[in-house]
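Just follow the structure's listing: the first ligand is 1, and inside any ligand the first atom is 1. Bear in mind the structure is a predicted one, so any value in this text is a computation, not a measurement. We use all heavy atoms of the structure for the numbers below, so side chains are in, but hydrogens, waters and symmetry mates are not.
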Amino acid sequence: MKVIVDREKCQGHARCWALAPEIFHLDEEGYITPGDIDVPEGKEQIAGRAVRSCPERALQSVNG
Ligand code: SF4
């Protein structure tokens, strides 16, 4: 599973990070770090929750 990050949409709500700080990394200003994320095995469920929790729809999950 991968998470595609649309950095332009991120408004720095930090919900993704609050749910899974080991997967989602924020910069000093609280915006998500640009670049797609490879979700480690076993972390798919929490990563999916974080994707759905983003109020800006800045995150999208893709399988594989
Ligand atoms: S939850 Fe969405 S808006 Fe908030 S930091 Fe994460 S990607 Fe950005």
Using a strict 4.0 Å threshold on nitrogen-to-oxygen distance, state whether Arg7 and Asp27 make a salt bridge.
yes
Heavy-atom closest pair (Cys16 atom, Ser53 atom, distance to 0.1 Å) is N-OG, 4.3 Å
Backbone N/O of Ala50 and side chain of Arg15: donor-acceptor pair under 3.5 Å
no
Minimum heavy-atom distance between Ser61 and Met1, given as atom pair plus value:
CB-CE, 3.4 Å
Tell me, which protein N/O/S atoms are under 2.8 Å away from atom 2 (Fe) of ligand 1?
Cys54 SG
I want to check something: taking the side chain as every heavy atom from C-beta on, are Val39 and Val3 in contact at a cut-off of under 4.5 Å?
yes
Can you see which heavy atom on Phe24 is nearest to which on Trp17, and at what distance?
O-CD1, 3.3 Å
